[in-house]
Amino acid sequence: CLENTPIWSEESSLSPHTKERSCWAMSARREGFDEAHLQSLVSSLSQGKKLLESAAENAAQRHRGPYVRDPQCHETIQDLLRFLRRDISRERPVMMQLHAWNLVEKDLIPLILTYHSDSDNIIVDAIKLLVFLTLPAEEDAANGVEQRRCLKLTLEALVRNHDVLAVLFSQLSGPLERYESSQLRLKEDDGKVIQLFLTLMRNLLLGAEKHKTRSEVSDGCQLKENILKNFFDLHLTDLLVQMAKDARKKPFTEDTALLMEVFHLFFHTQSPAHFVQLLERHTGKGLNHDESVRLSYLEARREKVLFTRHGRFGGRSIRSMTVSSNQMKKKVTKKHLNMPSEYFGQMSNLDNTQGSSTLSSSVQLCLAQLALELSSGGFNEIMLASWNNLRHQQNNPSGSEEERLRIYSFLSLAHFFVTFTQLRCASDCKTEPSIISVVANIFDKHVFHWLRMTWEQFEETKSLYGMVLVSGLVKEMISFLDIVIVKGSHADKFACEALVSEILWNETNDDFLFFFQTAVKRYDPNTVQLIYLANVVEGLHTAACLLKRVSSNHATRGDEFYDERMVDNHVRLLACWHLNPQVLNNYLVSFLEEVFDHEVEHTLHEFNNLHLIYSSTIELVGNGNDHSGVHSGLRGIKRVTAAIIGSFMKNFYPMNGGDVQAKHFIDVVFS
């Protein structure tokens, strides 16, 4: 016990250390904790043990005989927990010192395996200690690389000892059995035990995701696969699905945010398109070519945008898409058609390598089946419970980082399952009502209103990552409504039409259609990545088409729809033809054609617009040969580009025969 011993004192003395521990000694002096006392605590966890210097010595010590804990072991663990609760600096010197002494593999794992059946709660405190030691590394800490290395070694030790995870999670049997049986009464700490294990699962998954270097990406992917295999082998995912279905019941109501984050970490690096293909492979169903184009975009976007948590979210400032007139045409053309960093945001330098180190097909199939099982009711319940909690928290905002991260998890998980369900509906010739009901709880006017408020808050706080997430989710939700209108049952169509009329149109310009239009005009290429603009523009046109499908009486496009800012940002996206989804490219071509119909083509004659349109079309069409494209949209962009350049040239050749000279200029351009 520490009643008479100072744990955290500026005047505490330190014992001498070896050279390889000198960095932790310096950190300890800065933080001012009693490292000598910490060392004595670690040494006294078991009988007759001294502090061992290497893993080889640890292994030799384990072979000498069974692990025998000290009579005061439980009190010692509680003292170590007190140290860790005060280890609040980003460098975490206490945690790093415990990792340097190999506490997990030397003491915690043998202790858990040997004394897991004892009834003195020592295992629960040992698991608390393990949760502290598996917390994710601080990104901006001076020793961030070393923190990730120690965390990786700890996770590998847990995975390498196959029995330890089984023994650990067997401690959940008591609380869950008491919850399931109406004849047993829940203990006071059952809810805390469940929360503790959910936190441990979150730490294990999150620790496997943290990587900065190329070697860490490969190792992290293999580590995550091993962790997921253990979870599936122990049927922990079945427990999680049942918890999700009971998310609005005690004792799970307080853990909905944590449970949602665990599911988010299961799916956030995975492609819903690939999951649909895996699930349909056994039935012989496939997706058509047009849908496959869209799926590749969705997969790319998820890999680029939905990155790991607890870091610096959102892309850094990107460069303007406009170019100066003295740049080379060839250099401009390549620049504008190969810009993943500007399009997706410079959120990670490892986006391309991340895709090369994927999970095995067996684990991906298990994840796909988990997504399908969660669609049977668990997703609806956990999202409704999480949304209620987030809504109440936003009424009394604290502005904390944890609150913002919970919103990110909610948006990411909702985006995954809306996309997953949408693709399942699109791949079936007739949509089943059960598929549509998977995400029914979030298709509510109050949820749309909350999403808009959250979007506005992200804009005020300049949370670029949040803006990308919420815009992508709202766009996918509106696309899903369009599928329901076309393929849903009569009751689903009626409910969908009522929701569309409620959220997309009113006479006070306080609807999502007007909000999308305003967001396109306000877009600043110097601060926000282009994926955000792509989400907003696609959402705008999908909403307009959906509203027109519901009722032709709504005037969805006024003259302000074709003003200069709208045209400039549509042209900006045209330069990213290969990175855009096909449906967005079709919208862009249609929009430029509508500009001529409204006789405002002069907005396209600005130099940067002409330059972008010209360079994009030259690259896409390929010397006038339409067969160099992969779909008919290329012929549409060539036709529109010819009309734009032709109208521009008429301003220079107003005399008779101007049309002939303009046509000659166009022929030269595409020859």
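In this text, all values refer to a predicted model and were calculated from it rather than measured experimentally.
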Is it true that atom CD of Q242 has more than 12 heavy atoms of other residues, nucleotides or ligands lying nearer than 6.0 Å? yes
Tell me whether the count of non-hydrogen atoms from other residues, nucleotides or ligands lying under 6.0 Å of NZ in K192 goes above 12.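 For K192, atom NZ is not crowded (no more than 12 foreign heavy atoms under 6.0 Å).
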Close side-chain approach of [X] to [Y], heavy-atom, < 4.5 Å:
X: N388; Y: T256; answer: no
X: M467; Y: L464; answer: yes
X: Y523; Y: V528; answer: yes
X: E261; Y: R406; answer: no

After noting the C-alpha distance and the side-chain angles of F420 and F267, does the key distance pass the ring-ring contact (aromatic ring centres under 6.0 Å, His included) rule? CA-CA 11 Å; F420 178 69; F267 298 118; 8.2 Å; no
Pair E497-K493, salt bridge (charged side-chain N to carboxylate O under 4.0 Å, His left out): steps then yes or no: CA-CA 6 Å; E497 290 174 359; K493 290 181 180 179; over 6 Å; no
Parallel, tilted or perpendicular for H541 and Y587, by the 30°/60° rule?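 Parallel.
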Parallel, tilted or perpendicular, judged at 30° and 60°: which one describes the rings of F169 and F197? tilted
Audit row: F416, F263, ring-ring contact (aromatic ring centres under 6.0 Å, His included) steps and yes/no: CA-CA 11 Å; F416 177 89; F263 282 119; over 10 Å; no
Donor-acceptor contact present, side-chain D492 to main-chain V484, <3.5 Å: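 No: the side chain of D492 does not pair with the backbone of V484.
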